Amino acid sequence: MIWQYRGFPASDLRPRITSRTSMARVTDPDKLESGGLFSSYQLLTLYFPAFVFALGYSIATPVIPVFAKSFGTGFGVASLVIVVHALGGLVAAVPTGFLVDRLGRRPVLFAGPLLMAASSCLTAVARSFPELLVYRFMGGAAMEMWRQARLAMIADVGKSRQRGRQMTGMVGTDGAGRLLGPAIGGMLAAWSLRTPFVVHGVLALLAIVPSFFLVRESAPANDGAAKNEENRLATRALLALMLDPRYRGFFGAQFFASMTRAIMWGGTLLLYAAYAYDAGPQVLGGLATTSSIVGIPITLSCGYLMDRFGRKTTMVPGFVFIALGLLFLASSAHWQWSLATFVAGFLWINSGQAVTAGSMQVLGADMAPAVARGRFFGFWRLIGEIGGLVSPALFALVVEQFTYSAAFALFGLCSLATAALLAFSVRETVGRSTE
């Protein structure tokens, strides 16, 4: 098989041979393509797992800052619970991409939640801060495995005009889980700081039960004699693809987007509230729940806009909005405004996050070459995970050396950089619909 690379979009980077299986190996792929965005198949294998995973994760989220603080650590050291979680995802990114292509989507889809359940239950019995960091690392790797396998399956069988709504639908159900989880986590933490982690582990296993019976492999198959050669050439072509200017813009945007989002996803803002305002699990859980209430309808609406009018329609304004919110928090921290002001800024930033939620995944799925999606996602997610890893560490460093205000302002500039790269360096992958 011969690959040709001329700097064209990923849709043009295709092998000259045709896969024999295409989508035939997927369980009833028409359920995904023509059965509607809310068919029973999608509800059980896409939206249900997203909801249950988010529910379990968000039950533990408001407890993590307080649990880390309980070991007698300062803000900078406590931030390592966020850093090592991102580090686990970073280390797992590229190996997971190769596994997704070589073993298939299904084995990785189930291995991730199993590892996640183990890491969460072990966290519940952690007796030292270093031990807690090890289990957080495992959890980050597990989440990356599930995320890549799920994304590859959506890219395998979903139509380009449905990906925006599929991704944001998954993010929306994820938000519904986050809506309920923090309040439950706060109540469980009042009993014991360790109980929410056990609940998270149990829910991670429950989430994959329907998929175990319904989901079958979706990866394009190759003839055994040509498989090794194809993989070798595909990887080489992917590395060349990343050097194309238009793809450099996309990867750069992903890096800065991950830098910006990590302070929201990873819990840095909640950690800031715990230290700056002495907020407890109940307050932190209430903040996370409120942001989910605000964000879910925004996210679902933006999925429709991305499919109808193009990906950049929501992405560029969304990251500009996040930047303005971070600059507002910089002002709040500088002049030491009240907790109510922080809450306003927190909801502002999370509203912007709701606008952009799932958008980079949609864009990445559009750009990934079909026969090498796993590896493409692996290299792409590596860049994203580097941004996610650097973000909390850099935030903590700037806080230690300067002020909270300087840290918020720096990440506001990162969000503006994301918007600029998307606007001027990345080609739109879906044109305006004429329907």
Side-chain angles (χ1 to χ4, degrees), residues 47 50-62 64-65 164-187 257-258 260-274 276-277 279-306 313-333 337-362 408 411-412 415 418-419:
Y47 304 127
F51 172 81
V52 178
F53 273 128
L55 178 64
Y57 184 80
S58 60
I59 283 174
T61 296
I64 290 171
R165 284 167 289 174
Q166 285 177 334
M167 293 291 185
T168 57
M170 188 168 64
V171 172
T173 52
D174 180 286
R178 292 178 188 273
L179 174 65
L180 300 175
I184 298 174
M187 290 186 293
S258 296
T260 303
R261 289 169 162 180
I263 66 172
M264 295 174 281
W265 287 348
T268 300
L269 289 180
L270 297 179
L271 195 64
Y272 166 73
Y277 297 100
Q282 289 75 23
V283 173
L284 300 180
L287 282 173
T289 297
T290 303
S291 67
S292 295
I293 294 174
V294 173
I296 291 173
I298 297 174
T299 296
L300 296 177
S301 300
C302 288
Y304 169 80
L305 293 175
M306 279 194 293
T313 304
T314 62
M315 297 176 75
V316 174
F319 281 107
V320 171
F321 192 70
I322 292 173
L324 294 176
L326 287 167
L327 294 176
F328 174 80
L329 280 189
S331 301
S332 174
W337 293 343
S338 66
L339 176 60
T341 305
F342 168 77
V343 171
F346 181 86
L347 295 178
W348 179 342
I349 293 170
N350 278 276
S351 295
Q353 160 61 20
V355 172
T356 62
S359 58
M360 295 303 295
Q361 290 93 324
V362 174
F408 285 126
F411 283 88
S415 190
T418 305

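Everything quoted here is computed from the prediction, not taken from an experiment.
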Looking only at side chains, do Arg261 and Ser415 share a donor and an acceptor under 3.5 Å apart? no
Please report the closest heavy-atom contact between Ser359 and Met315, naming both atoms and the distance. CB-CG, 3.4 Å
Side-chain donor/acceptor pairs under 3.5 Å, residues 293-305, sequence neighbours excluded:
residue	atom	partner	partner atom	Å
Thr299	OG1	Gly295	O	3.1
Thr299	OG1	Ala354	O	3.0
Ser301	OG	Pro297	O	2.9
Tyr304	OH	Arg308	NH1	2.8

Among all residues two or more places apart in sequence or in another chain, which pass the side chain to side chain donor-acceptor pair (under 3.5 Å) test with Thr314? none
With sequence neighbours excluded, tell me which residues meet side chain to side chain contact (heavy atoms under 4.5 Å, CB included) with Ser332. Tyr277, Trp337, Thr341
The side chain to side chain contact (heavy atoms under 4.5 Å, CB included) partners of Val343 (sequence neighbours excluded) come to Leu287, Leu339, Leu347
Is any side-chain heavy atom of Thr168 closer than 4.5 Å to a side-chain heavy atom of Met306? yes
Which pairs would a plain distance check flag for residues 317-328, meaning a side-chain donor or acceptor within less than 3.5 Å of a matching protein atom at least two apart in sequence or in another chain?
none

Just to verify, what does Ala333 make a side chain to side chain contact (heavy atoms under 4.5 Å, CB included) with, not counting sequence neighbours? Tyr272, Tyr404, Ser405, Phe408
